[in-house]
Amino acid sequence: MARAWVFGDDLDTDQIVPGRYAPFMVGQDRFYQYAFCDARPSFTKEVRPGDVLIGGENFGCGSSREYAVAALRKLGIGGIVAKSFARIFFRNCINLGIPVVESAEAVSLVRDGDPVTLDLAAGVLRTPNGVAVLRPLAPFAQELLNAGGVVSYLREHGDFPKVR
Amino acid sequence: MIGKTVAEKILSRVSLRAQGPLARDARAGDLVIVPISRVMVHDSVIDAVMAGMRELGKERVWDTSRVAVFVDHAAPAPTPVVADSHRTLREWVREQGIATFYDAGEGVCHQIMVEEGYCEPGTVIVGSDSHSNSYGAVGAFGAGMGATDIAVALALGRTWLRVPQSIKVTFSGRPRKGVTMKDAVMRVVREIGTDGARYACVEFHGAGNLPQGDRITLAGMTTEMGAKAGIVVGTPEAPDWLFPDPDAAYANEIRIDLTALEPQIAVPPRIDQVVDVSEAIGQPVDVVFLGSCTNGRLVDLRQAAAVLRGQRIAAHVRLEVVPASRRQFEDAMADGTLLALSAAGAVIGSSGCGPCLGRTGGVLAGHEVCLSTANRNYKGRMGSPDASIFIGSPYVAAVAALTGVIDDPRPYLEATDDEFAALVARRRADRPERGAASVRSGDRSRELLVAAARSGVAMEIDD
Ligand code: SF4
């Protein structure tokens with residue numbers, strides 16, 4: 001079962017990976033080891049592939065830096081459930097193949113460290129305190145995610161999905 | 001059927017023109033695949049963009065004449081690592097055969113994109129920088145995107161967009177002397193917050209006739225509201241069709257009376273934590289930054305020079321001035337504004353982003369306080385995470401440099417020479433001792449100003 005990592009509102013990309021640890025500062029093989037290094041120092045030691053991030057409003061706001069999302073992908077984050085997402089962060093996640101889904105109640109239902117199951121097919125997040133309903137993703141975004149992101153989708157199909 | 005917003009009109013038009021299975025009459029909430037009239041790429045993301053294109057298996061950009069590349073974010077290169085990345089960028093530009101390339105010192109990407117005419121009104125432009133919303137200053141739908149999106153745009157010449165809802169901001173009246181459109185747009189951020197326009201397009205009404213620079217300030221600041229785009233309606237560049245229908249539907253409407261507006265100050269560490277200047281008077285500052293894509297133009301520099309009146313800035317304060325582009329730099333040189341600022345004690349940096357994002361050109365030390373004319377004040381933005389950044393207009397910046405504290409610029413603009421001297425003396429005396437007073441090297445300020453006046457350079461600065 002996945003562990004839930006719970007964050008509040010307005011989590012910005014500087015908290016995910018601070019600018020001073022950008023790939024061009026510390027290298028492609030190291031930048032992701034600094035994920036949440038200020039905000040949650042134990043994160044990279046304890047996170048396991050498939051773990052789920054939970055957040056409030058405006059998750060991923062701030063700079064457009066894609067390496068924040070690249071770091072989460074590198075660490076194998078299974079998905080992010082938040083009340084709402086900042087727009088560039090949302091796109092970056094879909095493009096890099098990380099499921100990002102909105103849910104009004106997840107953040108109040110889940111406590112940090114809870115075991116949770118992100119069931120995208122059923123459209124729910126199962127938690128010890130009940131089930132949070134997820135807002136369905138647009139079929140277009142779902143197609144990109146199914147392929148593992150926009151790059152693998154385009155490599156396979158040569159063009160954007162023909163669904164909206 | 002209800003009418004369309006400007007965003008709906010642009011996205012309908014480009015999408016229908018593109019034909020194909022996904023062409024559609026676009027309404028808020030629809031997903032469209034749209035052709036891009038230009039892609040903007042800047043220095044700090046080039047490695048990731050090149051990696052994205054490699055992964056896509058694409059060697060060449062779709063149309064070299066529609067790609068514009070800039071070295072501005074950390075320029076001239078502050079470290080060997082950055083210098084190497086710039087070299088990689090230049091090699092890539094040459095291999096690709098991209099002619100629209102602006103190297104270090106030419107200026108901030110957004111300023112050049114607009115002032116050199118790369119933003120066709122009514123088209124979609126994507127940029128690797130979040131403030132690409134700026135292109136709405138001339139009626140283009142400009143959106144910032146991450147490196148993979150930019151790589152895809154470069155490879156295909158198209159992108160996917162969810163058609164945004166729109167927020168209508170209407171300005172009325174004229175701002176009083178000493179109050180600017182920077183204050184106006186900060187008032188909007190104050191009203192709706194940093195996510196008040198998330199996924200939305202902010203449509204500005206009552207601003208179409210303003211100078212282009214003011215319109216860039218407005219459109220660019222919509223990024224700080226979380227917006228996908230910001231568009232000024234009714235600009236001289238825009239074609240006739242580029243108006244919203246009278247019955248277009250808006251998610252929110254905001255009205256700002258400019259006549260009643262006071263100068264606005266954003267208090268660290270949030271850009272939506274905005275107060276009237278009267279609530280921030282007396283706040284000491286160590287560094288003043290006058291520049292950025294938000295306020296680095298000739299008009300901004302002239303406003304600052306108008307406040308300074310040939311006086312030297314406070315001895316404990318550093319003033320960093322960075323013109324937004326070479327054109328602005330040279331205009332400010334030609335009319336004596338840069339001379340006036342230098343004589344006042346400013347450090348003039350080469351055109352570009354300068355210290356705005358804390359990579360080069362006078363970054364902040366721990367516990368320093370900065371008054372910046374840029375657009376972001378979050379923790380660590382301009383250097384040390386322990387520094388704090390207040391954001392204001394060029395007028396406010398000039399007063400802060402002059403006195404060492406935040407103050408209302410309006411009395412300084414109206415004062416007689418004696419009153420002016422008294423205002424400055426009072427605030428300087430109020431300022432707690434901090435930092436160390438710097439000696440002015442080669443202090444010929446009076447001679448220079450006199451010479452400038454004789455040679456016909458307009459030192460009587462009137463905005
Ligand atoms: S001047 Fe500042 S806000 Fe504008 S593009 Fe440069 S770094 Fe970004």
Side-chain angles (χ1 to χ4, degrees), chain A residues 9-10 12-15 18-20 22-28 31 38 56-70 73 83-97 138-141 143-144 149-156 158-164, chain B residues 20-22 24 30-33 44-49 51-52 55-58 74 79 81-82 84-85 127-132 143-152 155-156 158-162 164 193-195 198-200 223 226-228 270 357-359 376 378-381 385:
Chain A
D9 291 341
D10 296 314
D12 63 64
T13 48
D14 266 275
Q15 295 190 53
R20 60 187 188 279
F24 71 85
M25 302 291 283
V26 298
Q28 284 295 341
F31 75 99
D38 297 333
E57 302 281 5
N58 210 18
F59 196 102
C61 60
S63 141
S64 62
R65 70 186 58 156
E66 190 178 69
Y67 58 79
V69 178
R73 178 168 73 171
K83 274 192 188 162
S84 62
F85 293 90
R87 59 163 283 272
I88 297 181
F89 183 84
F90 184 85
R91 288 186 77 101
N92 289 344
C93 284
I94 300 285
N95 284 338
L96 297 192
F140 181 91
E143 291 255 331
L144 294 184
V150 71
V151 168
S152 24
Y153 189 95
L154 289 173
R155 281 186 73 102
E156 204 175 311
D159 207 342
F160 290 114
K162 300 269 183 279
V163 293
R164 295 190 249 262
Chain B
L22 286 168
R24 67 188 301 173
D30 288 347
L31 199 137
V32 289
I33 311 289
S44 65
V45 294
I46 186 62
D47 300 292
V49 168
E55 279 180 48
L56 280 166
K58 293 280 183 183
T79 66
V81 175
V82 174
D84 280 343
S85 153
S128 61
D129 184 86
S130 61
H131 291 98
S132 303
M145 291 186 178
T148 299
D149 265 323
I150 294 300
V152 169
L156 301 184
R158 284 173 295 144
T159 194
W160 61 275
L161 287 171
R162 176 85 47 203
T194 47
D195 66 348
R198 197 156 25 84
Y199 295 117
T223 303
K228 179 177 285 188
R270 292 185 65 99
L357 76 166
R359 297 232 181 110
R376 280 191 176 146
Y378 51 69
K379 221 170 142 55
R381 169 70 175 179

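Naming: A, B, ... by sequence-line order, numbering from 1 per chain. Quick note: numbers below take in every heavy atom, side chains included, and nothing from hydrogens, waters or symmetry partners.
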Notebook entry, point to check: If you look at every heavy atom in B:D195 and A:N58, which pair is closest and at what distance?
Noted result: CB-ND2, 3.3 Å
Notebook entry, point to check: Less than 4.5 Å apart, any side-chain heavy atom of B:V152 and any of A:N95?
Noted result: no
Check: Parallel, tilted or perpendicular: which describes the rings of A:F140 and B:W160, with under 30° parallel and over 60° perpendicular?
Finding: tilted
Notebook entry, point to check: With a 4.5 angstrom heavy-atom cut-off, which part of B:T79 approaches chain A: side chain, backbone, both or neither?
Noted result: neither
Notebook entry, point to check: Is it the side chain or the backbone of A:E57 that comes within 4.5 Å of chain B heavy atoms, both, or neither?
Noted result: side chain
Check: Hey, what do you get for CG (A:L96) to OG1 (B:T148), rounding to the nearest 0.5 Å?
Finding: 4.5 Å
Note to self: Looking at every heavy atom in both B:T159 and A:F160, which two are closest together, and how far apart are they?
What the structure shows: CA-CZ, 4.0 Å
Notebook entry, point to check: If only atom types and distance count, is the side chain of A:R87 paired as donor or acceptor with the main-chain N or O of B:G144 below 3.5 Å?
Noted result: yes
Note to self: If I measure from the heavy atoms of chain B, does A:S84 come under 4.5 Å with its side chain, its backbone, both, or neither?
What the structure shows: both
Checklist line | All ring-ring contact (aromatic ring centres under 6.0 Å, His included) counterparts of A:F89, not counting sequence neighbours | finding: A:F59
Next item on the list: Tell me, for B:L156 versus chain A, whether the close heavy atoms (under 4.5 Å) come from the side chain, the backbone, both or neither.
Entry: side chain
Check: At their closest point, which heavy atom of B:Y199 faces which heavy atom of A:F85, and how far apart are they?
Finding: OH-O, 3.0 Å
Item checked: Heavy-atom closest contact (A:A138 atom, B:R162 atom, distance) -> CB-NH2, 3.0 Å
Check: Does A:D159 reach the side chain of B:R158, with side-chain heavy atoms less than 4.5 Å apart?
Finding: yes
Next item on the list: State which residues pass side chain to side chain contact (heavy atoms under 4.5 Å, CB included) with A:I88; sequence neighbours excluded, sorted by chain then number.
Entry: A:S64, A:N92, B:S130
Notebook entry, point to check: Do B:E55 and A:V150 have side-chain heavy atoms sitting under 4.5 Å apart?
Noted result: no
Next item on the list: Side chain from CB out, backbone as N, CA, C, O: work out which of these in B:I46 comes under 4.5 Å of a heavy atom of chain A, or both, or neither.
Entry: neither
Next item on the list: Using non-hydrogen atoms and a 4.5 Å limit, figure out which bit of A:D12 sits close to chain B: side chain, backbone, both or neither.
Entry: neither
Next item on the list: Please flag which part of A:D38 lies under 4.5 Å from any non-hydrogen atom of chain B: side chain, backbone, both or neither.
Entry: neither
Notebook entry, point to check: Quick one: what part of B:A227 sits under 4.5 Å from any heavy atom of chain A, side chain, backbone, both or neither?
Noted result: backbone
Margin query: Rounded at 0.5 Å granularity, tell me how far NZ in B:K228 sits from CZ in A:R91.
Written below: 7.0 Å
Item checked: side chain to side chain contact (heavy atoms under 4.5 Å, CB included) evaluation trace for A:D10 with B:R270 -> CA-CA 11 Å; A:D10 296 314; B:R270 292 185 65 99; 3.8 Å; yes
